[in-house]
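Presented below is the structure to which this report refers.
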Amino acid sequence: MHRVLLICAVLCSAACPLAAVAQDLRVPASVTAGDDVTIPTTGSGKATFYLVGPGVSRKSEVSLGEEIRLQGQELWNAGDYLVLVCSDICNSGTFYVTAAKPASFAFLVHPSRVPVGQSDAVSGVAFPFDQFRNLVLTPVTVSFQLTAGNKPLFSKQVRTENGAAWFRTASGKSAGLLQVVASLDDLSAKRAVQQVASDPCNLRITGQRIPIGVLVQTEPVHDCAGNVVPDGTIVTFSATEANGKSTVDAPIKQGIARAQIEATGATVVSVASGVVMGNELRIGAKP
Amino acid sequence: MNVVFNFAGWLRRGMCLAVVFTSLCGFVLSAHGADSAVQVQLDTKKANPRAVESLTERGILRDYRFAWTSIAQAFELNSLDSLEGAFAGDAKQILRGTVLSQQRSGFTRQYLNQNHRLEAVFYAPEGDVMELHDTAEYELRITDGGKIIHDEHVVMHFVVLMTPGADRWVIRRLQAVPQS
Amino acid sequence: MKFILPISLVVATAALMVLGLFIGGQARGTVGIAAGSAVYTPKADNAEQALKNLLADVQRRNWDRALAAVSKSSATDKESFIQEWTGSNGSLRSFSALEGFESRPLHITPDEAQIRVRLHWATPVGPLEDVRDFRLIREGDVWKTVLPKIQVPNVPAQVIPVTYLRWDLVSGGAADEWGSRNVDAPHVRIISMNAVDSAEGAVVMGEIVNEDTVPAFVNVNATLVDSAGSAIDDETSFDKINHVLLPKQVSPYRIDFPNISLKNVKSVRMDEKATLVPASADPVIGVMNQKIESDVQGKSVLHGDLFNQSGQTVNISHVIVSFYDNNAKVIWVADGYEDHALLPQSSEPFAVEIPKSVAPKVQNFHVVVDQYSLGRS
C-alpha cells in the first residue's frame, strides 16, 4: 500500500509541476530600456531559460553557474519582465524596464481649424516618448508656444503629470495659420492650426434685372472681425414673386457669391448663409 | 493465492491515467481560461481636464474588457488574429511581437481570473486621448509543451493610453510600471 | 422500339416549345397590369388595350411596333420617342426599367379617350412611380396614342467660364507619427428636430447645417428610446438627406421608423456623423418657380424647375424639401429624384408630393438639390 502511495505521489509530482516552488533569482530591480543586463545563476548543469516580457518571449538553454546575458534590444519595451530558469524546478524573478530619456513627442493639437476669437478653442497635449517609443513617466517640463505670423500669441511651460502635459487657450483675432510648437530641451514638435473667419456678418446683396431674370450678388463677405469668409461657403438666395419662389445655393468665389434667378414679376430677394440672415432686396417687374 | 505484482504493467497503466488526468486538467484549465470573464471597474472621478461622458465611460469599460480578453486569447492560442480591433500603434506592434516570439519559442501565457481596477487620470480637452491607470490582478500561467512551468497570482500596475477609433476606443500604449 | 423514347421526347419538347410560345406571350403581356387581364392583341379595338399594347412594347423595347401604335398626328419622331423612354445623358431613366403599369380610363368617347397610367420604374435608387395622362384617338378601326411634342433640351454650343473651386483631401500614410496629421472632422450641427407619427410609422426629421469651412459628408442617426431607457430601434437618414454639405449649407433630413408608434417612445437620441470628403463647389443648381399646387389627382404637390447654372451635365438630381408650419417648425421632409439629366444652362421640372395630413399646415418650404455627375465624385 505504501508503495502505491509513493508511486502516486511520484506521478502526481510529474503531472503537476505546480508543486515546484519558485525561488528568487538575483535579477536587477529596475533597468533602463535598451540597457544590457546580466543575471547570475548558481548551481551546475543545463537549464532552460525563459524571458517573458512585452514584445519578447525567449526560451533558450543556459549553463547554471554562468551569467545569463540579456541584450539591450530584448529590453526595448518598458514594462515588467519575468525570468524563469528551469531545471528540476523553476526559479523565477521579475524586474521592470523603465523608459529612457525623452527622444520624441506625441503632440496632439486641436482643432485643426478654428474660427477666430473663440475662448478656450485651441488645445494641445504632449506625451514624451523615449527612443524606443516608451512613454516617459518621469516628470519633465514641456514648453508650448503659439504664434500667428510672427506674432507670439501664447506661451506656457508645463510639467508633465503621469506622462502628459497640456494647454488650452483662445484662438487669435485674424484668419491665417497658427503655429503651435511643443519643445523639451532640444526636442520640438510643430503643428499648424488654420484660423478661419467666423460666421458672415452684415451680409448684403445687390441685384439687377437681366434678360432671363435677375442677377444678384453679395458684397464681399466678411465676419464681424473683418476676416474674409472662405471661398466655397454657401450663400442661399431666395427670390419671392407673386407666382412662386426660387432659391439658389451659391458658393462664395473670390469673396463674392452670385446667382441668377428666373423671375419676371416684382421680386423680393433675401439672402442667408447658414443661420445668418442678410438684407432684403426689391426688384421691380420686367418692363 | 500467489499474486505477482507486475510493476511495469502497473506503471504503464498508471502513466496512461496520469496522462489522461493531466490532459483533462489542462483541458479544464484552458476551457476556464477561455471562458473566464474579465472583470473591469472604472473610476472616472479623477479624470481631468475634461470630465468623462457617461457614454464614453461605457465605451471605455466595454473596450478595455475586450482588449484584455483579446490579449488573453492571443497569448494563450499564440494567435495574431485576436489582436485585431482593440489595439493601435505601438501597443499593437508590441503585442504582435510578443505573440510572434512566443510562436517561435513554443510556450504560451494565460491570464486567468482577471480583475482590473481602472482609473482615468487624464482626459484630453478635446476628448481625443485618455490616460488610465490599471491595477490588475490575475493568475499568470506559463505553459511549455503542455507543462505548466509557472503559475502565479500577480498584481500589476499598467499605464494605458486609449484613443477613440472609428467605432470604439483602442489601446495605443499599455505599459506596466512598478507600484509607486 | 428503341426509337420510341427519343422520338416521344423530341415530340414532347417541340410541343412544349410551341405551347411555350403562346403561354409565354400571354405572360409577358400581363406584366405591369395590376388586374392581370391584359394580353397583347395585334389589333387594339379599345383605347385601354391600345395603350397597354404601347406600354408593353415599350417594356420589351419593341420600338417599331410601339411607334406603330402612336398616332401620326403626334409631334414626335423615333429618336426622341426612344430617348423619352430609355433616357439619355446618363440620367436616372437610362439606368431604369419599366417594371409595370396600371391604367385607369378618365374619359372615353367613341373616338377619343383620356387614360391615366401609373408607371412603375425599377431604378438604382429604388422603385419610383410616375403618373402620366395619355390621350388616344380612334383612327379607322384601331385606337392610337397621341403623344405631345417631346421637349429635348437643345443647348447651343458655348463656352461657360467657371471659377472652379474644389477641396481635395490629403490623408496621411499609415506610418505617420501619432498626432502629426490631425485633420478634424467637419463641425456640423442639427438645427432642428421634430418627431411625428405618420401612416407608415414614426418619422424623425429636421435640418442640419455644416458650420465648418470645409465640406462634410454627413449622416444623421436617430435612436428611439422607451420609458425604461432601452433602445427601441435606430435608423439613419439613408438617402433622405443631402449627404455632401458645403460650408454653411443646410440640408433637411428624414429618418423613418416603419411600424413604430411614438406612443411607445419616451425620447429620441440624435447622433450626427460628419467626415471630411473631397468635394466641388460646382455645379450650382437653382430651384426656380417653386409653388405648391394641386395636381390632377387632387394631391398637393410642390412644383418647380431645376436650373443647371453650370457648364457641365448633371446626370441625376435629387430634390429634398423641408416643409415648415407657421412657427417655422419643420413638419415634413419629402424628396424625389429627377429622371432626366440636367444639361448645362437648362431646366427640368420637378414635383414633390406633400402628404394630405401635412399640406394644410405648410406655410413655407426649403428645397435643396443633391446631384450626381458621372465620372466625378
Side-chain angles (χ1 to χ4, degrees), chain A residues 104-115 124-127 129 133 175 182 189-194 196-200 212-213 229-241 243-254 257-263 272-276, chain C residues 162-167 177-189 191-192 207 209-215 242 245-251 276 279-293 302-307 309 321 345 347 364-370:
Chain A
S104 66
F105 281 117
F107 187 28
L108 315 176
V109 173
H110 277 294
S112 55
R113 300 171 304 282
V114 63
V125 182
F127 291 99
F129 287 95
R133 305 288 305 152
K190 277 185 195 166
R191 301 288 181 263
V193 173
Q194 193 71 39
V196 297
S198 201
D199 281 335
I212 59 160
V229 170
D231 276 7
T233 302
I234 292 293
V235 172
T236 302
F237 296 94
S238 301
T240 310
E241 53 179 334
N243 60 347
K245 182 171 100 166
S246 298
T247 54
V248 178
D249 278 356
I252 295 174
K253 289 182 177 179
Q254 295 170 342
R258 188 179 284 117
Q260 61 187 60
I261 299 172
E262 289 174 3
S273 181
V275 292
V276 176
Chain C
V162 176
T163 309
Y164 203 69
L165 177 65
R166 63 170 287 125
W167 295 260
E177 187 194 343
W178 177 36
S180 67
R181 290 209 181 209
N182 285 328
V183 179
D184 293 337
H187 191 240
V188 299
R189 184 166 63 95
I191 49 175
S192 66
E207 289 179 311
V209 63
N210 176 5
E211 294 189 311
D212 216 316
T213 55
V214 291
N242 183 2
L245 286 185
L246 299 183
K248 305 289 184 283
Q249 195 170 19
V250 177
S251 170
L276 203 54
S280 165
D282 288 285
V284 172
I285 300 170
V287 190
M288 308 301 171
N289 310 316
Q290 306 162 34
K291 54 191 157 207
I292 294 175
E293 289 173 330
L302 171 68
H303 287 282
D305 297 306
L306 302 183
F307 177 46
Q309 303 196 347
V321 191
Q345 303 290 313
S347 295
N364 203 354
F365 47 83
H366 173 222
V367 183
V368 297
V369 186
D370 190 7

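Just so it is clear: chains get the letters A, B, ... in the order the sequence lines come, proteins before strands, and each one is counted from 1.
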Side chain to side chain donor-acceptor pair (under 3.5 Å) evaluation trace for A/Arg133 with A/Ser104: CA-CA 8 Å; A/Arg133 305 288 305 152; A/Ser104 66; 3.1 Å; yes
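In terms of non-hydrogen atom pairs under 4.5 Å with chain A, the most contact-rich of C/Val367, C/Val214, C/Ile191 is C/Val214. For the set C/Val209, C/Val250, C/Val369, C/Thr163, the count of heavy-atom pairs under 4.5 angstrom toward chain A peaks at C/Thr163. When each of C/Arg189, C/Lys248, C/Gln290 is scored by its heavy-atom pairs under 4.5 Å with chain A, the top score falls to C/Gln290.
Every residue meeting the side chain to side chain contact (heavy atoms under 4.5 Å, CB included) condition with C/Thr213, not counting sequence neighbours, appears here in chain and number order: A/Arg113, A/Val196, A/Pro230. Not counting sequence neighbours, C/Asp370 has no partner by the side chain to side chain donor-acceptor pair (under 3.5 Å) test.
With hydrogens and angles ignored, the 3.5 Å screen pairs a side-chain donor or acceptor of A/Ser246 with a backbone N or O of C/Asn289.
Across every non-hydrogen atom of A/Pro200 and A/Val276, the tightest pair is O-CG1, 3.4 Å.
At a 4.5 Å heavy-atom cutoff, A/Phe237 makes no contact with chain C through either its backbone or its side chain. When heavy atoms are compared at a cutoff of 4.5 Å, A/Lys245 approaches chain C by way of both its backbone and its side chain. For a residue to count as touching a neighbouring chain, one of its non-hydrogen atoms must lie under 4.5 Å from one of that chain's; by this rule C/Asp212 touches chain A with the side chain only. Using a 4.5 Å cut-off between heavy atoms, C/Gln309 contacts chain A through its side chain alone, with no backbone atom that close. The contact between A/Gln254 and chain C is made entirely by side chain atoms (from C-beta outward), counting heavy-atom distances below 4.5 Å.
Salt-bridge annotation for C/Asp282 and C/Arg166: absent, with no side-chain N of the basic residue lying under 4.0 Å from a carboxylate O of the acidic one.
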